[in-house]
Structure formats: structure tokens, C-alpha cells
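All residue numbers refer to positions in the sequence shown, counting from 1. Every number for a ligand or one of its atoms is a count from 1 in the order of the listing.
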Amino acid sequence: MKRIAIFASGSGSNAEKIIDTLAPLAGVEVSMVLSNNYRAGVIERARRLKVPVLLFDRSTFYETSKIVQVLQSQQIDLIVLAGFMWLVPAQLVDAFPSKIVNIHPALLPKFGGKGMFGHHVHEAVMAAGETESGITIHFVNQRYDEGQIIFQASCVITNADTPDSLEAKIHDLEHAHYPAVVKQLIFNETTDNEHHLQGDFS
Ligand code: GAR
């Protein structure tokens with residue numbers, strides 16, 4: 001059994017899509033959703049989908065090893081960040097090498113780094129006059145948005161777009177691709193286009 005933990009800070013639409021995609025599959029379960037935000041929409045979604053939720057605060061996350069201990073005791077194989085807004089501490093990265101993935105709502109390495117999350121990203125992309133944006137799924141290291149890229153997909157930005165409409169396009173891309181990439185990582189599936197998805201999750 002492959003056991004997945006999802007970290008999310010906000011609405012949780014990506015978390016829900018991933019849970020929905022994995023739920024019918026044999027040999028995998030989303031064991032828990034973890035959040036730093038007790039008002040996050042993801043909490044209600046997880047409860048509705050019958051996935052246990054663990055809330056934590058900043059000092060627990062950065063100054064104790066409790067979260068690592070919980071993930072290890074739950075025998076988590078893959079950690080999926082789905083709109084998780086805090087930097088992952090070194091002890092967590094070190095405890096799960098190449099087993100933490102993140103989705104970023106732009107085409108890294110552009111528009112990444114501290115402060116580049118959610119709507120801020122789309123505002124920066126529009127302000128820069130970009131004609132395309134997209135999503136990046138990448139492994140997590142100890143720096144914001146700098147881990148090895150696993151997958152990217154792009155969308156066109158038109159003159160009619162606003163940060164809100166771009167955000168909607170990006171969410172559509174995320175929902176279309178993130179669950180599938182997570183599934184490929186879990187089952188170590190490879191395709192011609194994604195030969196780099198050969199992580200060892202055994
Ligand atoms: C997503 O667009 C995700 O890419 C972004 O937050 C949104 C969460 O949406 N993540 C970041 O900006 C991380 N730097 P959701 O809560 O509806 O899944």
C-alpha cells in the first residue's frame with residue numbers, strides 16, 4: 001500500500017482532485033491532509049472525503065520534529081503539496097528525500113521564490129506582460145520553488161485576461177495534470193513524454 005499525505009493551506013481544490021483520482025485505485029490511499037490554516041477550505045473538503053486532517057502551527061512545524069514523526073509513523077510514501085504556502089523545513093526535506101512534490105502556478109524558474117504564491121503570481125505574470133503562463137510540478141528542496149522540475153504545461157494569456165481569469169486557467173491546468181502526475185509518481189509509471197518520472201517510491 002502506498003500512503004500519501006497532502007499539505008494544503010487554502011481552498012484545497014487540487015487536494016480534492018487528487019483524493020478523487022486516487023480513491024478508486026487499489027494499492028494507494030490518501031492517509032491524511034495536513035494544514036497550517038485552521039480556516040482553510042481544504043479542511044471541510046477532506047472531512048467530506050473522509051480523509052483525516054491534522055492542523056499544526058508554525059512553532060510545531062519549524063521548532064519540533066512532530067510532523068516528521070507523524071508522517072513516519074503513518075509510513076507515508078509520498079508528500080504532495082497542494083497550495084501549501086510555507087517553506088518546508090530542512091528536517092522534513094531530509095526525512096523524505098525526493099518524496100515531496102509541489103505544484104507552482106507559473107512556469108518556473110520564472111515567477112518563483114518567496115512571496116510568489118497564489119494570486120501574487122498571476123498579478124506578477126500579468127504585470128510583466130507575459131503572453132503565456134502555466135504550471136510547474138517539481139520536487140521540493142530547501143529553497144522555494146527550486147527543486148527538480150517533473151512536469152510543466154502552459155496556457156496562452158490574451159489581452160482580455162486579468163489576474164483572476166489567468167488564475168482560473170491555471171486551476172484548470174492544475175486539475176487536469178496534477179492528479180495524473182501524482183499517480184504516475186506513486187506507481188512509478190513512465191510515458192514517452194515523462195521519462196523523468198522514474199522516482200523510486202518502493
Ligand atoms: C494553486 O494554484 C497552487 O498552484 C498554488 O496555490 C493554489 C492553491 O489552490 N500554490 C502556490 O502558489 C505555491 N507557491 P487550491 O487550494 O484550490 O488547490
Within the protein, flag every N or O under 3.5 Å from an N or O of ligand 1, and note the pair and distance.
unit_1   : atom_1 : unit_2 : atom_2 : d
ligand 1 : 2 (O)  : E174   : OE1    : 2.9
ligand 1 : 2 (O)  : E174   : OE2    : 3.0
ligand 1 : 4 (O)  : E174   : OE2    : 2.4
ligand 1 : 9 (O)  : H171   : NE2    : 3.0
ligand 1 : 12 (O) : G118   : N      : 2.8
ligand 1 : 16 (O) : S11    : N      : 3.3
ligand 1 : 16 (O) : G12    : N      : 2.7
ligand 1 : 17 (O) : S13    : N      : 3.1
ligand 1 : 17 (O) : S13    : OG     : 2.6
ligand 1 : 17 (O) : H171   : NE2    : 3.1
ligand 1 : 18 (O) : S13    : N      : 3.4
ligand 1 : 18 (O) : N14    : N      : 2.9
ligand 1 : 18 (O) : N14    : ND2    : 2.9

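- In this structure, the side chain of N102 does not engage the main chain of H138 through any donor-acceptor pair within 3.5 Å.
- Residue V140 comes nearest to V101 through the heavy atom pair CG2-C, 3.9 Å, listed as atom of the first residue, atom of the second, then distance.
- Taking every heavy atom of both residues into account, L92 and I100 meet most closely at O-CD1, 3.8 Å.
- Taking 4.0 Å as the cut-off between side-chain N and carboxylate O, D161 and K169 count as a salt-bridged pair.
- Heavy-atom contacts from other residues, nucleotides or ligands closer than 6.0 Å to CZ of R39 number 12 or fewer.
- Of the possible donor and acceptor atoms, none in the side chain of S154 sits under 3.5 Å from a partner among the backbone N and O of G134.
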